[in-house]
Amino acid sequence: MSDKKVRVRFAPSPTGGLHLGGVRTVLFNYLFAKKTGGDFVLRIEDTDQSRYVEGAEQYILDCLEWCGLIPDESPVAGGPYAPYRQSERKALYREYAEKLVREGHAYYAFDTPEELDKNRKEIPNFQYGLAYRDSLRNSLSLTEHEVDQLLDAHTPHVIRIKMPADDRVSFNDMIRGHVSFETNQVDDKVLLKADGMPTYHLAVVVDDYLMKITHAFRGEEWLPSAPVHLLLWEYLGWKADMPQWAHLPLILKPDGHGKLSKRDGARLGFPVYAMNWFDEKSGELTPGFRELGFLPEAFLNLLATLGWNDGTDQEIFSLDELVDKFSLERVSKAGAKFDFEKAKWFNSEWIKKSEAGRLKSEVRAVLEDKGIVINDDAYLLQVIDKVKDRCVLLPDFYHQTAYFFEQPKEYDVNSVKPKWTDAKTDFFKAVINLINTTEAFEPVEFEAAFKALAEEKGIKAGELMLPFRIMLVGGKFGPHVFDIAVILGKAETISRIEKALTVFNA
RNA sequence: GGCCCGUUCGUCUAGGGGUUAGGACGUUAGAUUUUCAUUCUAGAAACAGGGGUUCGAUUCCCCUACGGGCUACCA
């Protein structure tokens with residue numbers, strides 16, 4: 001068993017946007033697979049037709065691509081265990097469910113959803129299991145003849161697992177260690193629905209077996225149904241091939257209580273989905289990390305460290321480093337509250353450490369979105385390099401670089417006017433002359449000449465720096481003003497001084 | 001209610017029978033930056049409670065409390 005090739009899977013339902021926690025599950029799957037030279041499979045669990053959402057599968061694929069977590073096998077890439085959509089595997093599941101019935105590990109149940117709802121409402125602690133199954137309508141309580149009649153009449157029915165009495169099911173979770181359950185406490189879960197589709201419980205076991213999955217990662221919310229899955233592996237005769245389980249801690253709301261949900265994002269003002277998700281039915285757009293201006297490197301990094309660390313003080317990891325250093329033993333057991341402030345910090349760190357070339361296409365998109373046309377790549381690279389230390393999210397590049405591409409539309413005149421004098425106007429006219437007569441226009445030389453000129457005119461340099469910045473930038477922000485002037489070039493700098501002078505003297 | 005899982009600064013976490021309980025985010029103060037941001041320095045800030053075991057428990061065990069998950073013909 002241990003010498004088998006590692007195979008892991010991410011098995012989302014195509015019901016909407018891809019949640020943070022989902023991406024983290026993908027990440028841990030991916031890291032584990034790559035670290036061990038195994039395969040990463042994407043399987044679409046679309047067995048609930050009522051919740052199926054058009055476009056959600058493609059969206060999931062797009063998210064994985066943005067993150068750079070590409071499955072080795074998937075509905076689109078194919079693979080030796082196709083098909084990878086459960087709806088296309090429908091015929092398979094019934095066979096196994098019937099086998100379980102024949103062997104006495106499952107049974108037909110004819111109760112209607114309404115009858116069961118009634119029971120749940122009227123009987124305290126009602127559950128379909130040991131205590132009540134004999135008083136309900138199923139192939140355990142009915143005679144063989146009655147069952148045959150119902151079946152022949154095509155009476156709607158489901159197949160339920162028959163949980164054994166007075167037993168204990170336990171297993172060793174890779175993250176939690178020993179976990180155990182009393183079978184009497186677990187209800188007889190539905191395996192095959194009336195529409196012939198399997199429930200998650202049956203499908204996950206059958207497909208994990210058929211797809212030769214060796215390690216199964218999923219959220220902690222699945223822990224209570226683990227005994228059902230364990231028993232299924234046993235009853236189907238596949239116990240020796242059962243994957244090792246790892247139940248990942250949940251990602252919790254930053255405030256209050258409970259699992260992080262998309263509503264929390266809207267309420268607290270941060271994204272919960274990887275990418276923008278547009279719901280056709282409601283017309284509602286749920287924002288994503290990508291569109292908000294996160295780099296995928298940062299997104300993965302922050303997800304990885306939510307519940308995992310390498311035991312050192314290192315916090316910034318590239319995907320390659322994560323593959324190298326990841327280990328399940330270092331995944332924490334407790335749920336983690338999501339902290340958007342820290343998430344932004346990861347992004348600012350990644351923007352700072354990224355080369356301008358890496359940022360180019362993202363920054364270009366931000367600027368073009370605002371109507372700024374870029375026709376000089378080298379110039380763009382130079383500008384990115386100068387301002388990237390001051391950007392937290394990608395859209396910040398607009399505010400930080402727009403003035404490199406177009407003249408300020410507005411000037412922070414309030415910061416200039418109170419101390420503005422004719423002498424300063426004269427000074428800047430002299431600066432224009434200075435620039436025109438300067439051979440080499442370089443930051444250090446220009447700054448020296450600028451200050452020498454100020455001294456010659458009897459004005460403190462300190463009084464001129466801010467006005468000069470506002471002439472070029474429009475506001476009180478940005479890199480060193482002489483760097484800006486040189487990047488803008490002689491002609492543009494002069495033009496901006498002239499224009500600002502008319503504004504300041506108006 | 002029942003079952004299961006968990007519990008170190010506000011948050012993410014390191015540590016682990018004897019430590020000044022470490023780091024990071026955020027926060028506070030200061031330095032640098034004649035702008036803003038970056039950067040740097042310093043500060044405040046935690047072992048849920050009670051019983052054991054032990055010379056000694058934050059660390060091991062038990063109980064309680066609290067938090068979370070599940071309790072659908074949803075995943």
Side-chain angles (χ1 to χ4, degrees), chain A residues 11-15 45-48 50-51 86 109 111-113 116-117 120 124-129 156-160 173 175-177 179-182 184-187 189-201 203-204 218-227 247 249-250 252-255 257-259 302 305-316 330 332-346 348-349 352 387-392 396 399-400 412 415 451 460-466 468-470 473 475-481 484:
Chain A
S13 306
T15 53
E45 309 227 340
D46 54 349
T47 55
D48 185 355
S50 66
R51 294 213 308 157
Q86 289 183 332
D111 321 86
T112 65
L116 295 176
D117 280 347
R120 289 196 183 93
N125 295 337
F126 172 83
Q127 62 172 26
Y128 209 123
H157 63 278
V158 300
I159 292 178
R160 288 180 180 272
D173 187 275
I175 291 171
R176 271 146 230 289
V179 182
S180 92
F181 302 83
E182 274 182 53
N184 292 356
Q185 303 286 347
V186 183
D187 54 343
K189 290 268 183 261
V190 170
L191 303 179
L192 200 75
K193 299 184 258 188
D195 65 1
M197 278 289 194
T199 58
Y200 171 83
H201 306 295
V204 74
R218 63 188 358 177
E220 193 188 346
E221 71 266 31
W222 290 107
L223 208 42
S225 53
H247 290 91
L250 264 16
L252 278 11
K253 299 176 196 295
D255 62 346
H257 315 291
K259 279 197 286 190
L302 74 92
T305 52
L306 210 51
W308 173 86
N309 70 83
D310 75 338
T312 73
D313 286 343
Q314 184 175 348
E315 298 212 70
I316 303 298
R330 297 205 60 89
S332 52
K333 297 179 175 73
K337 288 185 185 164
F338 180 66
D339 180 0
F340 189 53
E341 290 306 318
K342 185 128 189 188
K344 284 192 291 191
W345 174 78
F346 275 108
S348 69
E349 288 297 309
K352 274 186 281 182
V387 307
K388 66 190 173 79
D389 285 5
R390 11 177 52 92
C391 296
V392 174
D396 295 344
H399 178 246
Q400 292 293 345
D412 181 2
S415 298
K451 286 180 174 172
K460 275 194 232 160
E463 304 234 337
L464 299 162
M465 303 292 273
L466 188 61
F468 190 31
R469 165 175 303 281
I470 290 173
V473 176
K476 292 192 279 188
F477 63 94
H480 286 296
V481 69
I484 296 172

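Every heavy atom of this structure was used, including side-chain atoms; hydrogens, water molecules and symmetry mates were not. Residue numbers start from 1 in every chain, and the chains themselves are labelled A, B, ... in the order their sequence lines are given, proteins ahead of strands.
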Interatomic distance at P, U11(B) relative to G49(B), whole Å = 15 Å
query = Of all the choices, A75(B), C25(B), C5(B), which nucleotide is nearest to the side chain of S13(A) once you look at every atom?
reply = A75(B)
inquiry  = Without decimals, in angstroms, what is the distance between K337(A) NZ and C25(B) P?
reply    = 20 Å
note = Between K342(A) and P198(A), the residue closer to the 5' end of RNA chain B by nearest nucleotide is K342(A)
task = Using a heavy-atom cut-off of under 4.0 Å over every strand shown, decide if K259(A) touches base, sugar-phosphate, or nothing.
result = sugar-phosphate
query = Within the structure shown, what part of the strands sits under 4.0 Å from V190(A) by heavy-atom distance: base, sugar-phosphate, or nothing?
reply = sugar-phosphate
message = Nearest to the P224(A) side chain among C25(B), A75(B), C70(B), which nucleotide is it?
response = C70(B)
ask   = Do D48(A) and Y200(A) get their side chains close enough for a donor-acceptor pair, meaning under 3.5 Å?
value = no
query = Should R330(A) be listed as having a side-chain N or O under 4.0 Å from OP1 or OP2 of G15(B)?
reply = yes
Interatomic distance at C1', C66(B) relative to A48(B), whole Å = 7 Å
query = Does the side chain of R176(A) pick up a donor-acceptor pair with the side chain of H247(A) at under 3.5 Å?
reply = no
ask   = When you check the phosphate oxygens OP1 and OP2 of A75(B), does a side-chain N or O of R51(A) lie under 4.0 Å from one of them?
value = no
ask   = Looking at A72(B), does its base get a donor-acceptor pair with the side chain of K189(A) below 3.5 Å?
value = no
ask   = C74(B), C73(B), C12(B): which one has an atom nearest the side-chain heavy atoms of L116(A)?
value = C73(B)
query = When rounded to the nearest Å, what value does the distance between P atoms of C60(B) and C74(B) take?
reply = 42 Å
remark   = Out of G23(B), U35(B), C5(B), minimum distance to the side chain of R469(A) belongs to U35(B)
query = Of the candidate nucleotides U13(B), A75(B), G23(B), which contains the atom at the shortest distance from the side chain of Y200(A)?
reply = A75(B)
request  = Go through U71(B), U34(B), C25(B) for me and flag the one nearest to the E341(A) side chain.
outcome  = C25(B)
inquiry  = Can you check the distance between A46(B) and C12(B), where both ends of the measurement are the P atom (answer in whole Å)?
reply    = 16 Å
key: Sugar-phosphate, base or nothing in reach of A461(A), heavy atoms under 4.0 Å   = base
ask   = Say you pick atom P in A14(B) and the same atom in G6(B); how far apart are they, in whole Å?
value = 15 Å
query = Contact class for S332(A) (heavy atom, under 4.0 Å): base, sugar-phosphate, or nothing?
reply = sugar-phosphate
inquiry  = Taking only the C1' atom of each, what is the distance from C47(B) to U13(B) in whole angstrom?
reply    = 13 Å
query = Taking the side chain of F181(A) as heavy atoms from C-beta outward, which of C73(B), U71(B), C4(B) is closest to it?
reply = C4(B)
message = Taking the minimum atom-to-atom distance to the side chain of D187(A), which one of U71(B), A75(B), C25(B) wins?
response = U71(B)
inquiry  = Students often get this wrong, so: under 4.0 angstrom with heavy atoms, is E45(A) touching a base, only sugar-phosphate, or nothing?
reply    = sugar-phosphate
inquiry  = Give me the distance, rounded to whole Å, that separates A24(B) from U7(B) when you measure between the P atoms they each carry.
reply    = 24 Å
task = Taking atom C1' in both G69(B) and A75(B), compute the distance separating them and give it to the nearest angstrom.
result = 14 Å
message = Using the side-chain heavy atoms of L223(A), tell me which of these nucleotides is nearest: U71(B), A24(B), C5(B).
response = C5(B)
query = Which nucleotide sits closest to the side chain of K193(A): U34(B), C73(B), G1(B)?
reply = C73(B)
